[in-house]
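Since the structure comes first, as structure tokens, the remarks are kept for the end.
Values below: all heavy atoms of this structure, side chains included; hydrogens, waters and symmetry mates excluded.
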Amino acid sequence: MQSKINSFFRPFSSSSSSITPKSVDSSQIFTDDFEYKKIQPEILVTYQRRPQNSNGQMNGASTGEASKEIDLEVPNLEVAKSGKILNKKRKYVQVYLELGQSDFLLHTCTICGFKYAKGDEEDEKFHKTFHKNYTHGIPLKGWRNERIIRIPSLEIGRIILVLDDDPTPQKNKVKEVVKMMEMELGDGWIYHQLCKVYLFISSQRISGCLVAEPITRAYKILSRPEGSRCNVSPEKEAKQTSTTLQFGGVSFQREMVRRNQPTKSCEESDESISGIVLCEKEAVSAVCGIRAIWVTPSNRRKHIASYLLDAVRESFCKDLGLKRSELAYSQPTSAGKAFISSYTRSTSFLIYTTSDL
């Protein structure tokens, strides 16, 4: 036991020589020293130095911040060993519950018809821009060389004519407007190279657009289809649907009378036939065909479509003014029929097909 205790105490050694007691075995000293070092844990400390400026100062700030950075490096080593990243920034994601909604993935705007994902900042921002362009018009500050059509009755705004041989920026703007029109009128038929496009500009936005094309013939629409007759009145209809019950010499008659139902005229009965336009068999000569008319929703009921038609009558044919009854239209919708009848002041007007070009 004495020898083992003495092995932990080392004698004083001078610079010139070292004295080892004879009672202590030198091999045992080295063995115990080796085992002592083996037990001690290894501590690994890393330091990261910031690059210095020309003035000899660290980039960042004081040495206190540098010491903070060194302190943060030590736990990162332990994190690297465990495979977890604790210093990563947290990302907060909006979570939604699917409870059978019809528009859970994409929401459709009831006004502009644009589909977007609610809660997504990029989609909502894009929808906001598209919605404003659809309702108020596509922005247009103007061009240097504009072909302006002047109309005496037009007081606010201006009308610009764009042809196929105009500069590329003008044609690109026309294509952008046509894409907006196709959302309501259909795809792939509104514009081609022979068309003349009239743009109504107001408050630096395109509020309306009209596409016209040259044609050779058209057909006159019938104000009343042949062989049509007016609907019967409610009284006659009630008598037709009446039933009679006979019990010996006593008869009971039952009639169904519909109240608050006015008698329909022949014109109203014709409008009930949707999608059918009846025309005369013989064609008449025509020069200008109105392919499509479109006005932004916020600018409707402001006579913009009428101004565009007036511009077409003044400028479509050189040195020749067209009458309102001489304009032909492609197959119109129910709203288009009402507008054309109001503009021409007649229920009988000209229509044409694509084969009449």
Item to check | Cation-aromatic face contact Lys175/Tyr191, 6.0 Å, 45 degrees | outcome: no
Checklist entry - Hey, does Cys112 have a side-chain heavy atom less than 4.5 Å from the side chain of Phe130? => result yes
Next on the checklist: Using side-chain heavy atoms (C-beta onward) and a distance below 4.5 Å, is Tyr198 in contact with Lys196?
Outcome noted: yes
Next on the checklist: For Leu350 and Tyr329: C-alpha separation, side-chain torsions, deciding distance, then whether side-chain contact (heavy atoms from CB on, under 4.5 Å) applies.
Outcome noted: CA-CA 6 Å; Leu350 298 178; Tyr329 306 87; 5.8 Å; no
Next on the checklist: Could you measure the distance from the CG atom of Leu210 to the CZ atom of Arg291? Nearest 0.5 Å is fine.
Outcome noted: 12.0 Å
Next on the checklist: Tell me whether Tyr307 shares a hydrophobic cluster with Leu199, the cluster being built from Ile, Leu, Val, Met, Phe, Trp, Tyr side chains joined at under 4.5 Å.
Outcome noted: no
Checklist entry - Would you call Arg324 and Glu314 a salt bridge, taking side-chain N to carboxylate O under 4.0 Å as the test? => result no
Next on the checklist: Tell me whether Lys179 is salt-bridged to Glu182, with the criterion being a basic N under 4.0 Å from an acidic carboxylate O.
Outcome noted: no
Item to check | Under 3.5 Å: donor-acceptor pair, side chain of Ser202, backbone of Ser207 | outcome: no
Next on the checklist: Do Val295 and Ile290 land in one hydrophobic cluster if side-chain heavy atoms of ILVMFWY residues count as linked below 4.5 Å?
Outcome noted: yes
Item to check | Glu326 (side chain) donor-acceptor with Lys323 (main chain) under 3.5 angstrom | outcome: yes
Checklist entry - Which class fits the ring pair His107 and Tyr116: parallel under 30°, tilted 30 to 60°, perpendicular over 60°? => result perpendicular
Checklist outcome for this item: When rounded to the nearest 0.5 Å, the distance separating CG of Leu309 from CG of Leu327 is 6.5 Å
Next on the checklist: Can a donor-acceptor pair be found, under 3.5 Å and without considering hydrogens, that links the side chain of Ser342 to the backbone of Ala338?
Outcome noted: no
Checklist entry - Should Met180 and Leu308 be regarded as members of a common hydrophobic cluster, given that ILVMFWY residues are connected when their side-chain heavy atoms come within less than 4.5 Å of each other, either directly or indirectly? => result no
Item to check | Salt bridge present between Arg147 and Asp166 (N-O < 4.0 angstrom) | outcome: yes
Checklist entry - Val162, Leu154: one ILVMFWY side-chain cluster at the under-4.5 Å cut-off? => result no
Item to check | Side-chain donor-acceptor pair present, Asn299, Arg205, cut-off under 3.5 Å | outcome: no
Next on the checklist: What I'd like to find out is whether the side chain of Cys209 reaches to under 4.5 Å of the side chain of Met181, using heavy atoms alone.
Outcome noted: yes
Checklist entry - To the nearest 0.5 Å, what is the distance between OG (Ser315) and CD1 (Ile148)? => result 12.5 Å
Checklist entry - Taking atom CD1 of Ile340 and atom CD1 of Ile293, what is their separation to the nearest 0.5 Å? => result 6.5 Å
Checklist entry - Thinking salt bridges, do Glu280 and Lys220 make one under a 4.0 Å N-O criterion? => result no
Item to check | Closest approach of Cys109 to His131 (non-hydrogen atoms, all atoms of both residues) | outcome: SG-ND1, 3.6 Å
Next on the checklist: With a 6.0 Å cut-off (strictly less than), is the heavy-atom count around NZ of Lys171, excluding the residue itself, greater than 12?
Outcome noted: yes
Checklist entry - Between Trp189 and Met183, is there a shared hydrophobic cluster once you connect ILVMFWY residues whose side-chain heavy atoms come closer than 4.5 Å? => result yes
Checklist outcome for this item: Only one of Gln331, Arg217, Glu213 passes side chain to side chain donor-acceptor pair (under 3.5 Å) with Tyr352, and that residue is Glu213
